[in-house]
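Taking it in order: structure first as structure tokens, then the write-up.
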Protein chains: 2
Amino acid sequence: MSAVSCTPTMGRPRAFDVDTALEKALEVFWRNGYDGTSLSDLTEAMGINKPSLYAAFGNKEQLFLKAIEFYENRACSFFLPALEKPTAYEVAEHMLYGAAMNMTDSDHPQGCIVVQGALSCSEAAATVKEALKNRRVEGGEKLCERFKRAIAEGDLPADVDAEVLACYLGTVLQGMAIQATNGATSEQLRQVAQMTLQAFPRR
Amino acid sequence: MSAVSCTPTMGRPRAFDVDTALEKALEVFWRNGYDGTSLSDLTEAMGINKPSLYAAFGNKEQLFLKAIEFYENRACSFFLPALEKPTAYEVAEHMLYGAAMNMTDSDHPQGCIVVQGALSCSEAAATVKEALKNRRVEGGEKLCERFKRAIAEGDLPADVDAEVLACYLGTVLQGMAIQATNGATSEQLRQVAQMTLQAFPRR
DNA sequence: GGCTTTGTGTACCCTTTGGTAAAAAACCAC
DNA sequence: GTGGTTTTTTACCAAAGGGTACACAAAGCC
């Protein structure tokens, strides 16, 4: 199941659990950003030494990318499940309320690592910055596709612009990540979600 | 006028213009973030040596804070002027369309440095992270005050929740900064602005 | 038991980081 | 010119950055 490494049968067994270590790394990257996280921060949080980190994950950049994958596959992810809802309105509703809940959850850093993990960063972080940007853009495209389908199904009025609607929803979702880091409560974000839905076309 | 230093009459004159150098520093910080910007990046962009930088601006942290001040006092700032508009709706309108224009202006990096300058960062950047967070929160509070005034003036319905309205608008504005870094065009952001205004109560 | 294979721990590599000491240079007042 | 004052230049510092060599330890295989 672990996407990171197939445990070999020979040789000394690993003394740590790869997914647990990845989860710790995710939390550090989430809180401090890519540039703001040092290898010492990582090895300390993960409870392993540098050679173990490099053997298991490649390097800092690859570790970050694997942490992002781990993040998106977590049980509490809300984006993809929301896309499956039967109507466009319910898609938006579940996504907005899911974000309000998830981004303020005190079990992990506030906000969203795909937004804040490497927003403005050094040349050395250009690859991960691009990777996160692509994920944000792809999220918008998935929303757009979903709304186009809704129009085709007659679930949304034919004169609705799916791209604008997706961009609007994406803007609010990404803005909620910033609000969460500002200290907004889940209740405040739920009210933002409610207002956002007021501008949302219903069949 | 320069808030940075009163030019002394004695001694060797400065070989660079403080405000020009500050503008260059702002651009680097804006593009790379606080953690992602090194002193070499700064001195190269500003065209000065490190001792000159330290003499004129203190250190990296103080230079960043002065760059933020410079940023907020620029001619093309839109936030404070929008607050002065006669009605709450016009306040929101000017702020949203101002953001759509400003955050995609190719004369400088995309987005907003108050949002992306130090969103997730190292312990060493905790001070500037906090400073930016405070500015974002204060922006929301100013919006809230403005909307409360609008309610008192009868410009907004009495049953409107000024706090929710301010949080909603702040969320969209901060989300627009992310969209701009994603590569959104000013036209796309204008359409987001238009949709946002649909949820805005009118008298 | 030995052999092979893999992971761990320590100690190290070079580069870059933020920041400064000290001397030379450019100005003003006299 | 001389003295006082400030800025520039060059060279440097200690610490931290990402990354690795190497010896040793722990497992399966035979």
Side-chain angles (χ1 to χ4, degrees), chain A residues 2 4-22 24-25 28-29 32-67 118 121-129, chain B residues 2 4-22 24-25 28-29 32-67 118 121-129:
Chain A
S2 166
V4 168
S5 63
C6 39
T7 38
T9 159
M10 295 235 304
R12 179 172 176 171
R14 227 178 231 128
F16 62 95
D17 179 63
V18 170
D19 278 358
T20 308
L22 205 46
K24 294 290 183 187
V28 178
F29 277 132
N32 299 344
Y34 184 80
D35 276 334
T37 301
S38 71
L39 281 178
S40 320
D41 295 335
L42 291 166
T43 53
E44 190 181 348
M46 300 164 86
I48 63 179
N49 293 101
K50 279 194 276 186
S52 299
L53 189 156
Y54 276 81
F57 303 103
N59 61 12
K60 187 187 173 186
E61 182 179 307
Q62 291 171 44
L63 173 58
F64 183 86
L65 296 175
K66 283 168 182 160
C121 53
S122 64
E123 279 295 315
T127 303
V128 304
K129 177 171 106 176
Chain B
S2 167
V4 167
S5 64
C6 39
T7 38
T9 160
M10 295 235 302
R12 179 171 177 171
R14 223 177 235 132
F16 63 96
D17 178 61
V18 170
D19 278 358
T20 308
L22 205 45
K24 294 290 184 188
V28 179
F29 277 133
N32 299 344
Y34 184 80
D35 276 334
T37 301
S38 70
L39 281 178
S40 320
D41 296 334
L42 290 166
T43 52
E44 190 181 347
M46 299 164 87
I48 62 178
N49 294 101
K50 278 192 279 184
S52 298
L53 188 156
Y54 277 80
F57 304 102
N59 60 12
K60 187 186 173 186
E61 181 177 309
Q62 290 170 45
L63 173 58
F64 183 86
L65 296 176
K66 281 168 182 161
C121 53
S122 64
E123 280 295 316
T127 303
V128 305
K129 177 171 108 177

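Values below: all heavy atoms of this structure, side chains included; hydrogens, waters and symmetry mates excluded. Please read all numbers here as calculations on a predicted model, not as lab measurements. By convention in this document, chain letters (A, B, ...) are assigned in the order of the sequence lines, proteins followed by strands, and residues within each chain are numbered from 1.
Nucleotide dT16(C) holds its P atom 16 Å from the CG atom of L39(A), rounded to whole Å. M46(A) has its CE atom 13 Å from the P atom of dG18(D), to the nearest Å. When rounded to the nearest whole Å, the span between CD1 of I48(A) and C1' of dG19(D) equals 14 Å. One interatomic measurement links the two molecules: CZ of F57(B) to C1' of dT7(D), which rounds to 13 Å at whole-angstrom precision. Distance N32(B) CG to dT17(C) P: 11 Å, rounded to the nearest Å. We find that OH of Y54(B) is positioned 18 Å from C1' of dA22(C), with the value rounded to whole Å. Taking atom CG of D17(A) as the reference point, atom C1' of dG7(C) lies 15 Å away to the nearest angstrom. The CD atom of E61(A) sits 18 Å away from the P atom of dG17(D) (whole-angstrom rounding).
With hydrogens and angles disregarded, a donor-acceptor distance shorter than 3.5 Å links the side chain of N59(A) to the backbone of E61(A). One N or O on the side chain of T37(B) and one on the backbone of G33(B) form a donor-acceptor pair closer than 3.5 Å. With D35(A) contributing its side chain and S122(A) its backbone, the two residues share a donor-acceptor pair below 3.5 Å.
The residue T37(A) sits close only to the backbone: its heavy atoms come under 4.0 Å of sugar-phosphate atoms, none of a base. P13(A) comes within 4.0 angstrom of the backbone, heavy atoms only, and of no base. Counting non-hydrogen atoms under 4.0 angstrom, A55(A) reaches nothing in the nucleic acid.
For dG18(C), one of the phosphate oxygens OP1 or OP2 lies less than 4.0 angstrom from a side-chain nitrogen or oxygen of K60(B). Not one side-chain nitrogen or oxygen of S40(A) sits closer than 4.0 Å to the OP1 or OP2 atom of dA16(D). Between N49(A) and dG9(C) there is a side-chain polar atom (N or O) within less than 4.0 angstrom of OP1 or OP2. Neither OP1 nor OP2 of dT16(C) sits under 4.0 Å from any side-chain N or O of S38(B). For R14(B), a side-chain nitrogen or oxygen approaches OP1 or OP2 of dT7(D) to under 4.0 Å. OP1 or OP2 of dT9(D) has not a single side-chain nitrogen or oxygen of S52(B) nearer than 4.0 Å.
Where R12(B) and G58(B) each meet DNA chain C at their nearest nucleotide, the meeting point lying more 5' is that of G58(B).
Within the 4.5 Å cutoff, the side chain of L39(A) has heavy atoms near those of the Y54(A) side chain.
Both cation-pi conditions hold for K60(A) and Y34(A): the charged atom is under 6.0 angstrom from the six-membered ring centre and inside a 45 degree cone around its axis.
Checking dG19(D), dC29(D), dT8(C) against the side-chain heavy atoms of K50(A) singles out dG19(D) as nearest.
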